Amino acid sequence: MAQDADVIVVGGGLAGLVAATEIADAGKRVIVVDQEGEQSLGGQAFWSFGGLFLVDSPEQRRLGIRDSYDLALQDWMGTAGFDRDDDHWPKRWAEAYVAFAAGEKRDWLRAMGHRIFPVVGWAERGGYDAMGHGNSVPRFHVTWGTGPGIVEPFERRAREAQTNGRLTFRFRHRVDTLMMTNGAVEGISGAVLEPDGVERGKSSSRKVVGDFSLRAPAVIIASGGIGGNHEMVRQNWPKRLGEPPKFMISGVPEHVDGRMMGITEAAGARLINRDRMWHYVEGIRNWNPIWPRHGIRILPGPSSMWFDATGKRLPAPLFPGSDTLGQLHYIMSTGHDYSWFILTQSIIKKEFALSGSEQNPDLTGKSWRMTIKRATNKGAPAPVEAFKQNGADFIVRADLHELVSAMNTLAGNDLLQHDHIKAQIEARDREIANPYVKDAQVMNIHNARRYIGDKLIRTAKPHRILDPDHGPLIAVKLNILTRKTLGGFETDLDSRVFGNNREIIRGLYAAGEAAGFGGGGVHGYRSLEGTFLGGCLFSGRNAGRAAAKAAG
Ligand SMILES: Cc1cc2nc3c(=O)[nH]c(=O)nc-3n(C[C@H](O)[C@H](O)[C@H](O)COP(=O)(O)OP(=O)(O)OC[C@H]3O[C@@H](n4cnc5c(N)ncnc54)[C@H](O)[C@@H]3O)c2cc1C
């Protein structure tokens with residue numbers, strides 16, 4: 001039967017774009033299908049902060065950071081905690097991925113025009129021992145231009161391939177079935193959705209106006225994860241994290257619906273580690289939402305005091321920015337699905353960053369003039385100030401009594417006791433007078449300020465929370481925000497998908513979030529951050545190259 005292409009890619013997000021451009025560059029014909037319209041090309045990556053995990057980069061070296069493959073691998077393995085038979089391929093992917101991040105990743109991107117903001121961020125700092133969770137050193141490299149800046153080189157390459165006829169886009173094509181013959185893939189079929197000019201990121205119409213089928217000897221599944229589908233998140237919620245939260249907000253657009261996972265499984269593909277996920281605990285409801293239940297993640301610096309719903313300070317080392325899943329585990333164990341930051345104006349000004357391209361107009365717009373204001377401005381960046389004024393989860397008061405009373409009103413209960421909170425803040429404040437301390441969070445602040453990048457733009461000078469000169473006081477109600485799927489389709493290093501009989505399914509590949517960013521779960525249980533976009537780049541590239549090679 002006539003083939004429509006050498007390879008079909010399902011999904012025009014970052015992983016799909018990378019795979020498709022590799023195929024076209026190898027001289028093969030590729031079709032990219034996506035259920036969304038052309039305006040949403042790039043998927044989640046467009047909205048992302050563009051943070052990339054790189055190891056021993058020139059940016060790190062310039063800031064005096066000594067990093068290496070061995071140190072990064074030690075951190076990755078301590079963070080992943082691989083402990084299952086199913087972790088065979090994820091572990092091999094992890095070793096290969098860390099080598100990619102320490103090797104050709106930066107130069108490969110740079111050759112395509114990608115650039116990096118010079119101050120390297122320090123995400124997921126851990127706080128356990130050297131073999132435990134977390135980045136020993138700063139490794140979060142923000143793309144100059146954030147999410148759009150990482151999509152741009154691949155979109156450009158895709159458009160060139162479109163012009164020379166090697167790549168075809170089929171937007172508003174929703175895949176409903178993988179067509180299989182004798183255990184091998186032979187194409188896809190599905191529904192054509194009505195055209196919809198809705199703005200990027202907003203939910204688009206699901207009205208079906210036709211059907212389609214396309215044939216090719218190879219299909220790459222790059223359909224993203226499940227974070228927009230709260231039902232599916234709850235169904236797969238791991239028991240080790242307690243009951244699934246009753247209330248969650250969405251860190252991803254609605255098209256991250258997980259539907260293609262079921263369709264691919266129905267064709268016999270082996271989905272592993274579905275109970276591993278990466279959701280944030282510092283989610284705030286967007287006062288200016290784009291997608292349903294739109295939440296934004298605060299990327300916090302280390303100084304805010306963190307309290308659970310009953311007003312008890314989170315135990316060490318659960319400081320802001322240290323251990324996302326440790327925090328999620330703790331918060332769910334309280335029987336409530338939210339927690340609180342209490343901080344000062346001095347802290348919000350220096351330490352609050354919001355994850356998302358639209359929340360960082362300075363970096364996204366590549367404006368040095370605006371970006372420099374992060375270090376010199378009197379107030380917080382404008383999007384943070386806008387949240388402070390308009391965000392449903394923000395409370396600003398000069399006085400602690402009033403702050404706590406407004407926190408109880410917002411939560412709709414009276415769980416917080418002023419005297420209890422005051423005693424904990426005052427105790428912490430007494431530790432600030434000396435450069436050496438007992439309080440582990442304050443110790444952590446001093447440690448952060450020894451890193452020039454944090455001192456410049458991420459960590460406020462230590463001060464008393466109740467010092468009115470640093471006020472007003474700010475409380476932020478933090479919700480659980482769904483984001484990433486860490487499990488996915490089990491693949492070998494060529495991104496070829498295994499079937500339930502543990503044999504490779506001929507012609508079937510998976511990349512990006514659908515493949516757990518490689519192998520079915522390259523992260524294991526936890527992430528070092530900046531590893532998701534990178535996982536899409538690496539697994540998309542492997543899938544594209546392998547599928548093109550197989551096409552002969
Ligand atoms: C706000 C935000 C900030 C982030 N910041 C970072 C960061 O700083 N660093 C980092 O590493 N990661 C970050 N991430 C995560 C990262 O962006 C994503 O994990 C990654 O972009 C996923 O890419 P993907 O190609 O696998 O999937 P997606 O981007 O979800 O693309 C999948 C595509 O497949 C299409 N599709 C799905 N099902 C079908 C079907 N049945 N038929 C046809 N088409 C279908 C979808 O419409 C979509 O276009 C962030 C994410 C968000 C949302």
Side-chain angles (χ1 to χ4, degrees), residues 8-20 32-38 40-53 121 123 140-143 146-147 150-151 154 170-178 188-193 200-201 204 212 220-229 250-264 278 280 283 286 290-291 294-297 299 353-360 363 481-486 488 510-518 523 527-537 539-540 543:
I8 293 168
V9 176
V10 180
L14 184 63
L17 277 176
V18 173
V32 179
V33 290
D34 202 297
Q35 59 191 354
E36 294 306 310
E38 185 157 14
S40 282
L41 188 63
Q44 296 178 60
F46 177 89
W47 298 106
S48 78
F49 197 39
L52 293 178
F53 176 87
F140 191 76
H141 296 67
V142 176
T143 297
T146 69
I150 188 77
V151 173
F154 299 98
R170 297 285 175 92
F171 296 108
R172 303 296 285 157
H173 281 52
R174 187 190 67 199
V175 180
D176 295 332
T177 314
L178 276 178
I188 53 170
S189 64
V192 180
L193 305 176
R200 182 198 277 274
S204 64
F212 74 96
I220 299 177
I221 308 298
S223 52
I226 67 170
N229 182 340
S250 278
V252 296
E254 207 175 23
H255 66 69
V256 189
D257 57 18
R259 220 176 134 263
M260 197 62 210
M261 297 293 214
I263 294 166
T264 311
W278 191 247
Y280 294 107
N286 194 345
I290 297 167
W291 54 75
H294 191 170
I296 299 288
R297 184 205 176 194
L299 298 159
L354 302 172
S355 181
S357 51
E358 83 289 3
Q359 300 296 335
N360 294 277
L363 294 163
L481 172 127
T482 63
R483 184 93 97 215
K484 287 135 191 166
T485 312
L486 298 188
E513 205 162 333
F517 302 95
H523 295 95
S527 161
L528 292 170
E529 282 291 349
T531 52
F532 309 102
L533 294 168
C536 290
L537 297 173
S539 63

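Since the model is a prediction, treat every value here as computed from it, not as a measurement. In each ligand, atom 1 is the first atom listed, and ligand 1 is the first ligand listed.
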* Flag E513 as yes when one of its N or O atoms lies below 3.5 Å from any N or O atom of ligand 1, and as no otherwise. => yes
* Looking only at distance, does G251 have an N or O less than 3.5 Å from an N or O of ligand 1? -> no
* Asked: For the residue pair F532 and F517, does the interplanar ring angle fall in the parallel (under 30°), tilted (30 to 60°) or perpendicular (over 60°) class?
  -> perpendicular
* **Which of the ligand 1 atoms, numbered from 1, are nearer than 4.0 Å to a heavy atom of A222** => 32 (C), 33 (C), 34 (O)
* Asked: Are any of the N/O atoms in P253 less than 3.5 Å from those in ligand 1?
  -> no
* Under 3.5 Å between some N or O of ligand 1 and some N or O of F517? -> no
* Contact check: Q35 vs ligand 1, nitrogen or oxygen atoms, below 3.5 angstrom -> yes
* **D34 N/O under 3.5 Å from ligand 1 N/O** => yes
* At a non-hydrogen distance cut-off of under 4.0 Å, which region of K484 contacts ligand 1 (side chain, backbone, both, or neither)? -> side chain
* Quick one: look at T531 and ligand 1, take heavy-atom pairs under 4.0 Å, and tell me if it's side chain, backbone, both or neither. => backbone
* Structure fact -> atom 29 (O) of ligand 1 sits nearest the protein heavy atom Q44 N, 2.8 Å
* Which one of M261, R259, M260 satisfies the side chain to side chain contact (heavy atoms under 4.5 Å, CB included) criterion with D257? -> R259
* Asked: For ligand 1, which atoms, with element, lie under 4.0 Å from some heavy atom of G11?
  -> 33 (C), 34 (O), 35 (C)
* Asked: What's the shortest heavy-atom distance between I150 and L14, and which atoms?
  -> O-CD1, 4.0 Å
* To do: Name the closest protein heavy atom to atom 6 (C) of ligand 1, giving the residue it belongs to and the distance to 0.1 Å.
  => S48 CB, 3.6 Å
